[in-house]
Structures are given as structure tokens and as C-alpha cells.
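Note sheet for the following structure.
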Amino acid sequence: MKFMVLGNYSNQGLAGFIQNPDDDRRAAITSMMEKAGAKLLDLHFLRGEYDIAAIGEADSFEDVAAVKLLVASSGAVENLTILEMVDMN
């Protein structure tokens with residue numbers, strides 16, 4: 001199943017971004033998703049209501065829930081919203 005994760009940098013996440021602007025955020029998110037049994041397909045940094053949009057794929061809802069728990073426990077992102085993507089074709 002494909003899913004989208006929307007979130008905002010927390011104060012802790014913004015501080016890390018400012019201190020280490022050259023850190024590879026994609027690699028960190030890829031690693032976190034893989035630990036939860038999911039795969040990162042695409043990543044976007046946004047201007048607007050959310051700061052981050054990540055598109056991933058997982059075998060089950062349980063794997064998606066594990067992604068949410070890992071991201072939340074990192075403390076870098078808050079206001080997490082996970083949406084299941086539906087192929088209408």
C-alpha cells in the first residue's frame with residue numbers, strides 16, 4: 001500500500017536543520033522507513049501548512065503505523081498526518 005506522510009518540523013527538528021543544514025534528510029528518512037518495514041518513494045519539502053511530504057510504500061497498515069511511531073519518537077517532526085493513497089485507475 002502507498003501512503004503519504006505530512007508533518008511539520010518541531011523546534012528540535014528546526015534546531016537540527018539550522019545546526020547541520022548539509023545533513024542528508026532523505027537518507028535519514030529512508031533509514032527510518034526501512035527500519036519500520038516500509039520504503040521511501042519520494043520526499044518533498046514544502047511551504048505552507050506542512051513542511052514535509054513523504055510518499056512511501058509498505059506491505060501493511062501495521063508497517064505504516066510503525067513508521068509513524070518511529071518518526072514521532074525522533075522528536076524532529078510533529079503534527080504527523082498519514083494518508084493512504086488510493087489508485088483510482
Side-chain angles (χ1 to χ4, degrees):
M1 70 182 275
K2 286 187 179 179
F3 61 96
M4 180 181 291
V5 179
L6 300 169
N8 298 101
Y9 275 116
S10 65
N11 288 339
Q12 178 183 338
L14 285 172
F17 186 77
I18 290 168
Q19 289 175 353
N20 302 299
D22 296 326
D23 278 0
D24 188 349
R25 269 64 185 179
R26 178 178 287 273
I29 293 168
T30 296
S31 174
M32 207 174 299
M33 283 199 175
E34 287 175 352
K35 286 179 185 175
K39 179 181 178 183
L40 178 67
L41 301 177
D42 208 356
L43 177 65
H44 299 275
F45 296 96
L46 311 170
R47 287 187 276 188
E49 185 174 348
Y50 293 100
D51 299 323
I52 301 165
I55 298 173
E57 191 168 44
D59 291 333
S60 69
F61 178 79
E62 288 78 10
D63 291 340
V64 177
V67 168
K68 185 171 185 175
L69 289 172
L70 280 173
V71 172
S73 70
S74 76
V77 180
E78 57 190 15
N79 299 327
L80 286 172
T81 299
I82 296 185
L83 306 168
E84 183 177 356
M85 299 175 71
V86 178
D87 185 357
M88 298 300 284
N89 295 322

| task | Compare every heavy atom of A54 with every heavy atom of M33, then report the nearest pair and how far apart it is. | result | CE-CB, 4.0 Å
| Do D59 and K39 pass the side-chain contact (heavy atoms from CB on, under 4.5 Å) test, and can you show the C-alpha distance, the side-chain angles, and the key distance before you say yes or no? | CA-CA 10 Å; D59 291 333; K39 179 181 178 183; over 6 Å; no
| task | Return the minimal non-hydrogen interatomic distance between V77 and S74, and the atom names on each side. | result | N-OG, 4.3 Å
| Who pairs with T81 by side chain to side chain donor-acceptor pair (under 3.5 Å), at least two apart in sequence or on another chain? | Y50
| message | Quick check: closest heavy atoms across A72 and L80, and the distance to 0.1 Å? | response | N-CD1, 3.8 Å
| Take atom CZ in F61; do more than 12 heavy atoms of anything else shown fall under 6.0 Å from it? | no
| said: Please report the interatomic distance CD(E62) to CG(L69), rounded to the nearest 0.5 Å. | reply: 11.5 Å
| said: Hydrophobic clusters here meaning ILVMFWY residues chained together by side-chain heavy-atom distances under 4.5 Å, can you tell me if M85 and I29 are in one? | reply: no
| task | Answer yes if M1 and M32 sit in the same cluster of Ile, Leu, Val, Met, Phe, Trp and Tyr residues linked by side chain heavy atoms under 4.5 Å apart, and no otherwise. | result | yes
| Cluster overlap L83 with L41, hydrophobic side-chain contacts below 4.5 Å | yes
| remark: The reported gap from CD in E57 to CZ in F3 (rounded to nearest 0.5 angstrom) is 9.0 Å
| task | Verify, without hydrogens or angle tests, whether D87 (side chain) and N89 (backbone) share a donor-acceptor contact under 3.5 angstrom. | result | yes
| When you measure from the side chain of S10 to the backbone N and O of G75, does any donor-acceptor pair fall under 3.5 Å? | yes
| said: Restricting to non-hydrogen atoms, name the atom on V64 and the atom on A58 that form the minimum distance, rounded to 0.1 Å. | reply: CG2-CB, 3.8 Å
| Are the side chain of N8 and the backbone of E49 linked by a donor-acceptor contact shorter than 3.5 Å? | yes
| field | Where R25 and N20 come nearest, the two heavy atoms and their spacing | value | NH1-O, 2.8 Å
| query | Is a side-chain N or O of S31 found less than 3.5 angstrom from the main chain of A28, in a donor-acceptor match? | reply | no
| message | Grouping I, L, V, M, F, W and Y whenever their side-chain heavy atoms are under 4.5 Å apart, do M4 and L43 come out in a common cluster? | response | no
| field | Nearest heavy-atom neighbours spanning A53 and L6 | value | CB-CD2, 3.6 Å
| In terms of hydrophobic clusters joined by side-chain contacts under 4.5 Å, are I55 and L70 together? | no
